[in-house]
Amino acid sequence: MIDQLYQDIILDHYKHPHGRGLRDPFEGEAHHVNPTCGDEITVRVTSDLSDISYDGVGCSISQASASVLHELLKGRPVPEALRIQEAFLELMQGRGQVEPDEDVLGDGIAFAGVARYPARVKCALLPWMAFKDAAARAGVGVSPEVKA
Amino acid sequence: MIDQLYQDIILDHYKHPHGRGLRDPFEGEAHHVNPTCGDEITVRVTSDLSDISYDGVGCSISQASASVLHELLKGRPVPEALRIQEAFLELMQGRGQVEPDEDVLGDGIAFAGVARYPARVKCALLPWMAFKDAAARAGVGVSPEVKA
Amino acid sequence: MTFDVARVRADFPILGREINGHPLVYLDSANTSQKPRQVIDAMRDHQERHNGNVSRSVHTLGTESTTAYEAARAKVAAFIGAATPDEVVFTKNSTEAINLVAWTAADFLSLGPGDEIVVSEMEHHSNLVPWQLLCQRTGATLRWFGVTDEGRLDESQLETLVTERTKLVSIVHMSNILGTINDPARIVARAREVGALVLLDCSQSVPHLPVDVAALGADFIAFTGHKMLGPTGIGVLWGRMALLETMPPFLAGGSTIETVTMGGTTFAPPPARFEGGTPPITEAIGLGAAVDYLTALGMENIHRHEQELTAYALKALADVPGLRIFGPATPEGRGGTVSFEVDGVHPHDVGQILDDLGVEVRVGHHCARPVCTRFGVPAMTRASFYLYTTTDDIDALARGLEHVRRVFA
Amino acid sequence: MTFDVARVRADFPILGREINGHPLVYLDSANTSQKPRQVIDAMRDHQERHNGNVSRSVHTLGTESTTAYEAARAKVAAFIGAATPDEVVFTKNSTEAINLVAWTAADFLSLGPGDEIVVSEMEHHSNLVPWQLLCQRTGATLRWFGVTDEGRLDESQLETLVTERTKLVSIVHMSNILGTINDPARIVARAREVGALVLLDCSQSVPHLPVDVAALGADFIAFTGHKMLGPTGIGVLWGRMALLETMPPFLAGGSTIETVTMGGTTFAPPPARFEGGTPPITEAIGLGAAVDYLTALGMENIHRHEQELTAYALKALADVPGLRIFGPATPEGRGGTVSFEVDGVHPHDVGQILDDLGVEVRVGHHCARPVCTRFGVPAMTRASFYLYTTTDDIDALARGLEHVRRVFA
Ligand SMILES: Cc1ncc(COP(=O)(O)O)c(C=O)c1O
Ligand SMILES: Cc1ncc(COP(=O)(O)O)c(C=O)c1O
């Protein structure tokens with residue numbers, strides 16, 4: 001069962017994270033903390049998602065999740081990115097009952113095993129929640145009229 | 001067993017209390033409350049114990065105990081009164097293991113049964129504790145030099 | 001469905017006990033209820049197989065404990081119709097729940113001189129003293145509803161009592177001494193009008209009636225596990241999330257925090273913000289099992305059973321010579337808690353003689369001394385019923401009272 | 001007497017459990033301890049046969065419950081060498097005990113700007129955050145002892161830290177994260193000199209060492225039942241009677257009072273003054289059974305057993321490549337709680353992989369985040385021992401850590 005959690009894809013992303021490091025310019029930033037373990041992440045986004053940058057400390061699950069997030073969402077059209085985000089949340093909150101769609105989630109499907117560990121779901125979600133806040137601050141997904 | 005508690009002597013004192021009612025003059029007064037049941041008693045004493053008066057509300061045990069106290073201690077030489085008080089306290093805190101001495105305690109021996117009811121010991125002691133405080137305030141049992 | 005009280009009783013091990021040579025007749029459920037096998041077993045099973053600390057571990061035992069603890073929260077939330085489980089804060093009892101609000105109110109209500117808190121003369125000390133002390137600390141003024149001769153809340157002064165100055169109204173839902181069930185609708189409406197918050201002390205209602213926080217319309221309710229088949233050591237504060245979010249922590253410490261430095265701390269969202277340190281984990285799980293038990297029987301059915309008992313008891317007691325009942329004389333708008341005095345016999349003595357016959361009632365001021373004062377007595381005797389109470393129990397009480405009168409004839 | 005750990009283990013039902021197909025290796029006792037049969041049975045027996053509310057009834061069940069509850073208080077008092085059982089206040093956990101002092105201190109210490117409270121960088125959040133909030137409420141200033149590189153309390157600044165301005169010093173007796181056992185003698189002496197009170201957080205010491213409040217010389221100590229074989233939901237504040245008598249009530253309500261009118265209330269003497277509402281009765285009885293169990297084995301013997309385990313563990317862990325231990329490196333002046341990091345592997349991952357092998361350790365900041373900050377890590381992995389721990393458990397840990405390194409190689 002533990003191999004379900006620590007899949008090679010996850011360990012790879014953990015050891016070789018994609019797009020790590022905070023970059024300028026950005027339009028929204030959020031800092032999130034997991035109060036039980038002290039893990040932290042900062043995520044920055046531009047409003048067109050042309051860049052998503054992040055930094056923080058955390059376990060393999062949260063770090064790999066950030067790397068996968070970057071890989072999946074960066075440079076995507078906004079509606080598509082939000083759909084992927086939805087799918088990842090659904091997978092994580094599915095208690096292991098949700099079948100992930102590789103076409104949508106790419107390497108994210110490796111997190112299917114995490115959903116069976118309630119204590120670790122928070123780790124996997126940490127970067128995604130920070131992204132959500134950062135995106136909201138950047139006005140991502142808000143229609144231009146409303147934004148203005 | 002309940003007959004041990006509600007002996008005729010106790011019920012008699014309850015129905016026909018001795019010396020009840022607050023009187024003047026007095027030199028010490030104390031008001032005590034049993035917080036669990038709301039019972040109250042006020043006791044007044046003169047410093048030579050020539051009068052002990054009391055009033056209050058309470059159950060048969062506490063009311064009879066006040067009546068017996070009055071009967072036993074009023075008008076006694078101080079050292080003797082304090083000895084009787086000691087004996088009564090000892091009886092009450094003896095969990096039913098102490099054999100009361102009728103020569104010392106008179107009708108007070110009827111309270112031997114109360115000592116087996118931990119919840120009621122407080123009732124029996126209420127007037128005696130108030131007496132103790134009132135006596136202390138009147139300077140009873142304090143040698144005259146110290147008192148002066 | 002007829003309520004099968006014999007089957008219910010079979011679940012309560014203590015009901016097989018003898019007291020002073022007589023079968024136990026337990027008429028003190030308003031003080032604390034007895035516990036069914038299902039609750040005792042749930043607690044033992046947790047301690048023997050799953051015990052771990054919550055919210056702090058990734059290991060299996062910690063995860064099992066956390067899951068069970070949070071499942072208990074969800075059960076309690078569903079039981080009272082809370083919008084989300086996160087509105088349910090576990091405390092150790094009702095008293096802590098009420099004090100949580102009273103101690104933090106100075107801050108989140110910015111209380112000061114000129115502000116008013118309104119309670120009633122019918123309150124349990126646990127819903128009176130915390131507000132007295134809050135007023136002392138802040139300079140606010142305490143005001144209160146009176147009680148009518150029939151033992152009802154006197155709402156005739158509502159408009160002058162609850163005014164723009166009122167910041168919070170805290171009222172008992174069902175009186176633990178008079179049995180009165182208050183309908184909070186008018187008070188809640190008036191409080192809304194003047195912008196005051198409403199706390200309902202549901203310590204006696206949640207165990208006995210269907211309670212739905214949305215329907216009640218209050219801002220907070222407090223209740224306690226041991227009166228609703230659960231264990232001691234666990235209670236609940238329910239509050240509207242929007243309000244809980246504005247409140248500072250109370251028993252601060254482990255688990256209440258977001259991040260901590262020596263220089264300062266930021267706090268977790270509710271309910272964690274208010275659950276400092278290791279919570280009563282086994283006790284919450286026991287309460288969850290109690291809620292399952294009550295839900296399976298149905299609160300409507302339990303209430304109906306108790307209404308029948310109350311009608312029966314009010315009649316049986318009316319037949320005892322020299323007996324005076326305090327509180328509503330009919331079962332309408334009252335629960336299965338009946339206080340009375342026996343002419344010429346002090347409650348302590350009534351209780352003692354009944355106990356000798358195995359009949360367990362409570363005597364004293366019932367932590368509601370102002371009610372005793374209101375009715376001019378230092379103490380009362382109280383019989384209180386629950387789902388396992390039978391009409392036989394009430395007959396035993398009535399017979400016992402005859403005996404009391406003989407002893408003190 | 002040699003300490004018969006196999007016989008001890010037979011008393012703990014949970015130790016027979018399997019986790020993920022492996023026998024349970026429980027190394028998280030500093031988080032919460034497991035419970036022996038004797039404690040679980042005492043609680044069940046009470047609930048099945050004696051359950052009643054305390055201090056409020058004259059009936060048999062109420063009297064039995066009150067007697068058992070007060071007997072538990074007397075056992076706890078004897079266990080820590082209290083002058084009288086009335087110095088033992090039952091709370092729900094250590095966190096409530098510390099908050100009781102912190103919330104009432106504004107009043108009984110008349111705290112204000114210019115006054116100082118002193119803690120340390122080694123504190124559990126439950127002995128840090130309540131003082132931070134107290135200082136915020138009163139304008140007093142919080143100061144703290146640092147921690148040395150070896151994980152010891154840095155007392156080098158004692159004279160400048162504890163001064164005439166200091167009103168209270170609150171320090172952990174044994175650190176829950178570093179394992180350090182502090183000798184409070186110098187701090188107590190200095191506090192006496194300047195007239196400050198001393199509270200010791202004994203949450204980790206009372207379960208593991210002989211603790212005698214007279215010998216410690218402190219004014220208050222706090223500890224918690226669930227870490228000393230007792231149930232959740234029960235803790236203790238011990239205080240000198242002369243001090244407790246000066247303190248106002250905290251969780252006020254039923255049982256804390258002497259007499260109540262609507263206009264005001266007078267309060268009962270300690271400990272009743274501080275035990276508002278229905279206390280954790282079953283839990284206190286469980287704690288009493290735990291104290292009996294510990295006393296029968298002897299705290300000296302338990303401590304010696306743990307010292308042996310600690311020496312063994314420090315050696316075994318030193319052999320794991322890439323492992324760094326935080327806190328004292330030798331068993332002197334430290335208890336059986338060992339925190340460490342595995343180079344390149346986050347504690348969450350360490351804990352998860354160990355759990356897969358049935359080895360239960362805690363990971364995270366252990367509610368002592370300033371200690372993590374002090375040592376430059378976001379989190380640590382911690383193995384903690386108790387009377388039922390064996391050298392086999394430690395071997396399993398060491399083997400598990402090898403496996404962790406392989407997974408993350
Ligand atoms: C040193 C220390 N202090 C305080 C506490 C808080 O104890 P509790 O969670 O039982 O309130 C703990 C344990 O969590 C501790 O280890
Ligand atoms: C109406 C009411 N409020 C509050 C309480 C206090 O509950 P607890 O003692 O569990 O804190 C009680 C019972 O004692 C009660 O009947």
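Lettering of chains follows the sequences in order, A, B, ..., and the numbering in each one begins at 1. Everything quoted here is computed from the prediction, not taken from an experiment.
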Worksheet item: Contact part of D:Leu15 toward chain C, heavy-atom cut-off under 4.5 Å: side chain, backbone, both or neither?
Response: neither

Practice prompt. Kindly determine whether D:Thr232 and C:His46 satisfy side-chain contact (heavy atoms from CB on, under 4.5 Å), including the steps that lead there.
Written response: CA-CA 11 Å; D:Thr232 49; C:His46 176 74; over 6 Å; no

Item to complete: Evaluate the criterion side-chain contact (heavy atoms from CB on, under 4.5 Å) for residue pair D:Val363 and C:Val58; output intermediate values, then yes/no.
Response: CA-CA 7 Å; D:Val363 299; C:Val58 297; 3.9 Å; yes

Discussion item. With a 4.5 angstrom heavy-atom cut-off, is it the side chain or the backbone of D:Ser120 that approaches chain C, or both, or neither?
Written reply: backbone

Worksheet item: Pick from C:Arg137, C:His125, C:Glu121, C:Met262: which one has the most heavy-atom pairs with chain D under 4.5 Å?
Response: C:Met262

Fill in: Non-hydrogen atoms of D:Cys367 and C:Gly254 that approach each other most closely
SG-CA, 3.9 Å

Worksheet entry | For chain C, the option from D:Arg44, D:Gln352, D:His365 that forms the most heavy-atom pairs under 4.5 Å | D:Arg44

Practice prompt. Name the region of D:His50, side chain, backbone, both or neither, that has any atom closer than 4.5 Å to a heavy atom of chain C.
Written response: both

Practice prompt. Please assess C:Lys35 against D:Thr282 for the test side-chain contact (heavy atoms from CB on, under 4.5 Å), listing each intermediate value before the final yes or no.
Written response: CA-CA 12 Å; C:Lys35 325 296 169 208; D:Thr282 309; 6.0 Å; no

Worksheet entry | Proximity breakdown for D:Ile19 and chain C, heavy-atom pairs closer than 4.5 Å | side chain

Response to the item:
Honestly, the part of D:Thr256 sitting under 4.5 Å from a heavy atom of chain C is neither

Fill in: Side chain, backbone, both or neither of D:Asn51 within contact of chain C (heavy atoms, under 4.5 Å)
both

Worksheet item: Do you know which of C:Pro279, C:Gly264, C:Gly52 has the most heavy-atom pairs with chain D at a distance under 4.5 angstrom?
Response: C:Gly264

Worksheet item: Heavy-atom distance under 4.5 Å to chain C: side chain of D:Pro248, backbone, both or neither?
Response: neither

Worksheet, complete the sentence: Cut-off 4.5 Å, heavy atoms of chain C, and the answer for D:Glu64 is side chain

Item to complete: Can you measure from CE (D:Met43) to CD (C:Gln47) and round to the nearest 0.5 angstrom?
Response: 4.5 Å

Worksheet item: Please walk me through it: do C:Leu61 and D:Ile14 pass side-chain contact (heavy atoms from CB on, under 4.5 Å)?
Response: CA-CA 10 Å; C:Leu61 293 179; D:Ile14 206 170; 4.2 Å; yes

Worksheet entry | chain D interface, residue from C:Ile234, C:Leu133, C:Val359, C:Thr63 that has the most non-hydrogen pairs under 4.5 Å | C:Leu133

Discussion item. Among D:Thr261, D:Thr259, D:Thr265, exactly one meets side-chain hydrogen bond (donor to acceptor under 3.5 Å, both in side chains) together with C:Arg369. Which residue is that?
Written reply: D:Thr259

Worksheet entry | Gap separating the CD atom of C:Glu275 from the CG atom of D:Asn93, nearest 0.5 angstrom | 11.0 Å

Item to complete: Specify whether D:Trp103 and C:Trp103 have parallel, tilted or perpendicular ring planes, treating 30° as the upper limit for parallel and 60° as the lower limit for perpendicular.
Response: perpendicular

Worksheet item: So which of C:Ser94, C:Pro280, C:Pro249 has the biggest tally of heavy-atom pairs under 4.5 Å with chain D?
Response: C:Pro280

Worksheet item: Just how far is it from atom CG of D:Leu251 to atom CG of C:Leu100, taken to the nearest 0.5 Å?
Response: 9.0 Å

Item to complete: Fit a plane to each ring of C:Phe250 and D:Phe250, take the angle between them on a 0 to 90° scale, and name the class: parallel (under 30°), tilted (30 to 60°) or perpendicular (over 60°).
Response: tilted

Worksheet entry | Selection from C:Thr60, C:Val129, C:Thr32 maximising heavy-atom pairs under 4.5 Å formed with chain D | C:Thr60

Worksheet item: If you measure from CD1 on D:Ile40 to CG on C:Asp45, what distance do you get to the nearest 0.5 Å?
Response: 10.0 Å

Practice prompt. Inspect the contact between D:Lys92 and C:Glu283 and indicate whether a charged nitrogen and a carboxylate oxygen are less than 4.0 angstrom apart.
Written response: no

Item to complete: Look only at the side chain of D:Asn53 and the backbone of C:Asn31, and say whether a donor-acceptor pair between them is shorter than 3.5 Å.
Response: yes

